[in-house]
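For clarity, every value in this text was computed on a predicted model and none was experimentally measured. To find a chain, count down the sequence lines: A is the first, B the second, and so on, and within it residues start at 1.
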Number of protein chains: 2
Amino acid sequence: MHILIVEDEAGIVQFLQQGLEEEGYTITSASDGLKGFELSQKENFDLILLDWMLPKMTGLELCKSIRLKNTSTPIIFLTAKDTVQETIEGLKAGANDYIKKPFSFDELVERIKIHFRNQNEDEILTLGSIKIDIPQHRVLVNEIEVALTQREFELLTYLVKNKGKVCTRTQIIEDVWDIHFEYDTGVIDVFMNAIRKKLNLKIEQDYIKTVRGVGYIAND
Amino acid sequence: MHILIVEDEAGIVQFLQQGLEEEGYTITSASDGLKGFELSQKENFDLILLDWMLPKMTGLELCKSIRLKNTSTPIIFLTAKDTVQETIEGLKAGANDYIKKPFSFDELVERIKIHFRNQNEDEILTLGSIKIDIPQHRVLVNEIEVALTQREFELLTYLVKNKGKVCTRTQIIEDVWDIHFEYDTGVIDVFMNAIRKKLNLKIEQDYIKTVRGVGYIAND
DNA sequence: GCTATTTTTTAAGAATTGCTTAATATTTTA
DNA sequence: TAAAATATTAAGCAATTCTTAAAAAATAGC
């Protein structure tokens, strides 16, 4: 789990980083709002911790900017601005939680955990007769194991997690390949082909359909 | 959106119920932990508000019990137990937020809204008996799927998004085809024809009308 | 630390699908 | 009724996707 900390006071960053790394998180930090924004666009973070008062761009502006592009990554404010009005303003900007300084580190950790709780809940995904066992990293078709490589597994899992929704090629490149710039390539096609072959799916009638000009969609 | 309030002080229940109903929520309340548990199992609530000190079963026990069966419904504690230890205990029991009394009603509302934010992401447009499911990229006429190509889908969606307004040929070429110079062609006609055929629309009386000399208009 | 193996990516031709044009038919309006 | 606008159809062309093979990169074994 990768957390972005945007905070200008080095002492607080150090304290948070050390504590959260001990909890098993990977930390990246930015010392001003602009750097924070750039980082948030370049990488996929699982959660973002935000101070309010920041150089170059306030936490509030940063929060709103992030939300324009991405509505799902949890954002937690961690700030000395402690009035009810400010809290409400922060939440309205799209934050998921608002913690006032001084705060308890243990409470922060608990409040972070909330957002990761239901993530590995779906440990076994299904798509028709296909079972994806995430902890065991295995894929079964009609109870018979099929060996997939890492990327194949990730792509399939991504499609199944978004079952019923079209996944665009851009989204797939962003979320599965973690590439955040225009990238014209045929990798997706190659991997889709490999998955279909290994899982023995026919293009026309089967679980993963091509949506021409857009991407792919999984459906039982 | 249906909210369950489990709280024994009638005054608080009344205050919450009235305020939240004004916000457009449907409220059901229980005055002790046991009733709260039974209700939570009988009905599907979208969110649960929980006091800690309750007759028959404490909020903490109730929270844990609910979580044994259901991990997704958001639970918010609303309690006078205000120490860090208690907060952590509440969150560890599976709650999604922990608000201390006395609290600001406006902040409570904002914190409730957080949990409903990403719900109306699934955009479904309608035009009479036609449904356009954007995330699924599907079009249904009387619940029967009709296969449209990408351009057909975009054109139809554009017209339906501008339901009730005339879309001029120039606007359509600009917004759907992304062509920003004078362009004299019959493409639009060809696609309108294809859409009408596939959706089985009659020209004269149906949902998409031709506005001679201008463009087209959609209306239920 | 080098080699063998597996996995990922690139690239290129084949197949498919859908877009556009153009030619013709029909409808509307003056 | 003639002229203009829209509807309809079919065919060539363009773009996307599929498939395969081989190169590049990463991983594992010795």
Can you check the [X] [atom1] to [N] [atom2] distance for me, whole Å?
X	N	atom1	atom2	result
Leu156(A)	dT8(C)	CG	P	13 Å
Lys209(A)	dC18(D)	NZ	P	14 Å
Ile195(B)	dC19(C)	CD1	C1'	13 Å
Phe153(A)	dT6(C)	CZ	C1'	18 Å
Ile179(A)	dT8(C)	CD1	C1'	11 Å
Gln150(A)	dA28(D)	CD	C1'	16 Å
Ile173(B)	dT21(C)	CD1	C1'	13 Å
Lys198(B)	dT8(D)	NZ	P	15 Å

How far apart are the C-alpha atoms of Arg169(B) and Asp189(B), what are their side-chain angles, what is the distance that settles it, and do they pass the salt bridge (Lys or Arg N to Asp or Glu O under 4.0 Å) test?
-> CA-CA 10 Å; Arg169(B) 284 164 173 275; Asp189(B) 304 70; 3.0 Å; yes
Can you tell which of Ile130(A), Leu199(A), Asn200(A) makes a side chain to side chain contact (heavy atoms under 4.5 Å, CB included) with Val146(A)?
->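 That would be Leu199(A); it is the only one of Ile130(A), Leu199(A), Asn200(A) passing the side chain to side chain contact (heavy atoms under 4.5 Å, CB included) with Val146(A).
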Please determine if Glu7(A) and Lys101(A) form a salt bridge, counting it only when a charged side-chain N lies under 4.0 Å from a carboxylate O.
->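 Answer for the salt bridge query: yes.
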Can Lys113(B) and Glu110(B) be counted as an ion pair, charged N to O under 4.0 angstrom?
->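 The answer is yes: the pair qualifies as a salt bridge.
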Residue-phosphate contact under 4.0 Å: [X] side-chain N/O, [N] OP1/OP2:
X	N	result
Lys197(A)	dT20(D)	yes
Tyr183(A)	dT9(C)	no
Trp177(B)	dC19(C)	no
Thr185(A)	dT9(C)	no
Thr210(A)	dC18(D)	yes
Arg169(B)	dT6(D)	yes
Tyr216(A)	dT16(D)	no
Arg196(A)	dT19(D)	no
Asn193(A)	dC18(D)	no

Please determine, for the side chain of Asp189(B), which listed nucleotide (dA7(D), dT8(C), dT9(D)) has the closest atom?
->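 The nucleotide sitting nearest to the side chain is dA7(D).
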Identify which nucleotide among dT10(C), dA5(D), dT8(D) has an atom closest to any side-chain atom of Arg212(B), counting heavy atoms from C-beta outward.
->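 Between dT10(C), dA5(D), dT8(D), the one nearest the side chain of Arg212(B) would be dA5(D).
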Is a side-chain N or O of Arg138(B) found less than 3.5 angstrom from the main chain of Glu145(B), in a donor-acceptor match?
->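 Not at all, since once roles are kept as given, no pair shorter than 3.5 Å links the two residues.
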Is a donor on one side and an acceptor on the other found under 3.5 Å between the side chain of Glu43(B) and the backbone of Phe45(B)?
->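 No, because the side chain of Glu43(B) does not come within donor-acceptor range (under 3.5 Å) of the backbone of Phe45(B).
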Less than 6.0 Å separating the ring centroids of Tyr216(B) and Phe191(B)?
->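 Not under 6.0 Å, so no.
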Global bending angle along the helix from dG1(C)-dC30(D) to dA30(C)-dT1(D), which compares the axes of five pairs at either end, to 10 degrees |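 Answer for the end axes of this duplex: 40°.
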With sequence neighbours left out, what residues match Pro102(A) under side-chain contact (heavy atoms from CB on, under 4.5 Å)?
->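 Once residues adjacent in sequence are excluded, Pro102(A) has no partner under the side-chain contact (heavy atoms from CB on, under 4.5 Å) criterion.
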